[in-house]
Amino acid sequence: MDLSLNGEGALVVGGAKGIGYCIAEQFANEGCNVVIWDIDPNVEESANKLAQSTGVQTCGIIADATDYPQCEQLAKAHASESFSVQHVVYAAGAGSGKFGFPFWNLEPSDWPRIIDINLTGAVNITHAWIHHLKEHDSGSFGYITSVAGQIGSQTDPPYSAAKAALINWMQVVAKDVAAYGLRANCVSPGMVKTTINQSVWQSWYDQAADDERLDYDTWAESKIRGLSALGQWQTGDDIANAIVFLASNRARNMTGQTINVDGGWVLHS
Ligand SMILES: NC(=O)c1ccc[n+]([C@@H]2O[C@H](COP(=O)([O-])OP(=O)(O)OC[C@H]3O[C@@H](n4cnc5c(N)ncnc54)[C@H](O)[C@@H]3O)[C@@H](O)[C@H]2O)c1
């Protein structure tokens with residue numbers, strides 16, 4: 001399916017690795033120029049790898065989405081010095097690294113960092129780019145949320161709450177930007193083999209009794225089989241397929257939506 005994104009520009013925040021890198025790669029495969037922002041020091045290397053494999057223009061910048069003045073300054077610099085950006089995707093995220101239930105296993109002091117990365121970072125990025133995106137006739141914001149944000153997941157309460165709030169923020173953005181030809185949507189993964197997913201297993205493993213401990217793959221397989229209708233892993237490309245489609249004009253009538261790419265984990269009746 002031709003998504004007609006050729007020659008446009010996309011920013012992927014949190015794109016140095018994992019799901020974000022797959023999203024950056026799929027935009028590039030569609031002929032989009034791609035800028036990646038990430039706190040990971042390998043971000044430039046990731047962007048170079050993408051340029052070599054796809055031939056589009058890329059740049060990789062060390063950027064902390066929780067630092068609004070930095071984001072605003074970097075967005076201004078990019079807009080005046082480099083290719084134009086029509087699509088902004090927020091794929092950055094982090095968990096607390098602690099076993100989340102009951103909720104008093106965590107302290108209230110565990111919350112601010114997780115809210116900052118998973119929610120406030122997305123707000124910062126949207127503020128930093130809105131006036132640049134408004135200069136074009138069309139464009140999109142995409143946010144990676146989680147099944148955790150829709151089911152009161154006990155796994156990591158601050159993470160779940162931040163992801164739920166991110167869905168609400170996306171809905172506000174969708175309403176406010178519609179008059180400018182812009183759209184906003186969320187994509188919600190279930191289980192993808194990445195560092196975040198592995199850290200959830202690690203926090204479970206660390207507190208489990210010796211005779212109950214399972215290796216990562218066995219733990220994940222039983223969780224996936226028990227909780228999702230299709231009983232299978234998602235891949236970063238599964239998530240990227242959805243977010244890149246939503247950015248394209250093929251989804252011109254889709255805004256304010258949360259699309260679960262979760263193998264049928266969250267099933268609304
Ligand atoms: N992997 C899963 O099973 C799963 C499930 C549901 C949702 N998600 C969500 O998918 C998104 C991508 O996560 P992933 O699984 O690829 O994990 P990942 O750890 O591989 O990628 C997250 C990226 O975000 C970057 N990042 C973290 N804090 C940042 C900040 N302050 N500023 C800029 N970049 C920052 C990290 O450096 C990393 O490159 C996240 O929002 C995550 O919550 C993942």
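Both ligands and their constituent atoms are indexed starting at 1 by order of listing.
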Next on the checklist: I'd like to know if the side chain of Asp238 pairs up with that of Thr235 as donor and acceptor (distance under 3.5 Å, no hydrogens or angles considered).
Outcome noted: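 Yes, Thr235 and Asp238 have a side-chain donor paired with an acceptor closer than 3.5 Å.
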
Next on the checklist: Is a donor from one side chain sitting under 3.5 angstrom from an acceptor on the other, for Asn241 and Gln26?
Outcome noted: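 Yes, side-chain donor-acceptor contact under 3.5 Å.
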
Which ligand 1 atoms are under 4.0 Å away from a heavy-atom of [X]?
{"X": "Met191", "result": "3 (O)"}
{"X": "Asp64", "result": "30 (C), 31 (N), 32 (N)"}
{"X": "Ile117", "result": "28 (N)"}
{"X": "Ser146", "result": "6 (C), 7 (C)"}
{"X": "Ile144", "result": "9 (C), 10 (O), 11 (C), 41 (O)"}
{"X": "Asn197", "result": "1 (N), 3 (O)"}

Checklist entry - Taking the minimum heavy-atom distance to atom 27 (C) of ligand 1, which of Gly149, Gly14, Gly93, Ala65 ranks first? => result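 Checking each option, the heavy atom nearest atom 27 (C) of ligand 1 is found in Gly93.
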
Looking at ligand 1, is there an atom of it that comes within less than 4.0 Å of some heavy atom belonging to [X]?
{"X": "Thr145", "answer": "yes"}
{"X": "Gly190", "answer": "yes"}
{"X": "Tyr159", "answer": "yes"}

Next on the checklist: Between Asp217 and Lys193, does any side-chain N to carboxylate O distance fall below 4.0 Å?
Outcome noted: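 Yes.
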
Next on the checklist: Regarding Arg213 and Asp210, does a basic nitrogen lie under 4.0 Å from an acidic carboxylate oxygen?
Outcome noted: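 Salt bridge present between Arg213 and Asp210.
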
Checklist entry - So, is Lys17 polar-close to ligand 1, with some N/O to N/O distance under 3.5 Å? => result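 In this structure, Lys17 places an N or O atom under 3.5 Å from an N or O of ligand 1.
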
Between [X] and ligand 1, find which residue part has any heavy-atom pair under 4.0 Å and reply side chain, backbone, both or neither.
{"X": "Ile19", "answer": "both"}
{"X": "Asp116", "answer": "neither"}
{"X": "Ala63", "answer": "backbone"}
{"X": "Ala91", "answer": "backbone"}
{"X": "Lys163", "answer": "side chain"}

Of all the non-hydrogen atoms in the protein, which one sits nearest to [atom], and at what distance?
{"atom": "atom 24 (O) of ligand 1", "value": "Ala92 CA, 3.4 Å"}
{"atom": "atom 18 (P) of ligand 1", "value": "Thr195 OG1, 3.3 Å"}
{"atom": "atom 3 (O) of ligand 1", "value": "Val192 N, 2.8 Å"}
{"atom": "atom 15 (O) of ligand 1", "value": "Thr194 OG1, 2.5 Å"}

Item to check | side-chain contact (heavy atoms from CB on, under 4.5 Å) assessment of Gln171 paired with Ile167 | outcome: CA-CA 6 Å; Gln171 292 168 336; Ile167 292 171; 4.1 Å; yes

Next on the checklist: Pair His87, Phe141 - check ring pair (Phe, Tyr, Trp, His ring centres under 6.0 Å), show working.
Outcome noted: CA-CA 6 Å; His87 307 286; Phe141 289 97; 9.7 Å; no

Item to check | Among Asp110, Thr155, Asp156, the one residue meeting side chain to side chain donor-acceptor pair (under 3.5 Å) with Ser96 | outcome: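 Going through the options one by one, the only one that passes is Asp156.
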
Checklist entry - Asn48 and Gln52: side chain to side chain donor-acceptor pair (under 3.5 Å), yes or no, with the steps? => result CA-CA 6 Å; Asn48 290 342; Gln52 276 159 18; over 6 Å; no

Item to check | Intermediate values then yes/no, side chain to side chain donor-acceptor pair (under 3.5 Å), Gln150 and Thr258 | outcome: CA-CA 10 Å; Gln150 299 170 66; Thr258 299; 5.9 Å; no

Item to check | Qualifying residues under side chain to side chain contact (heavy atoms under 4.5 Å, CB included), relative to Ala242, sequence neighbours excluded | outcome: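 So Ala242 forms a side chain to side chain contact (heavy atoms under 4.5 Å, CB included) with Val187, Val261.
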
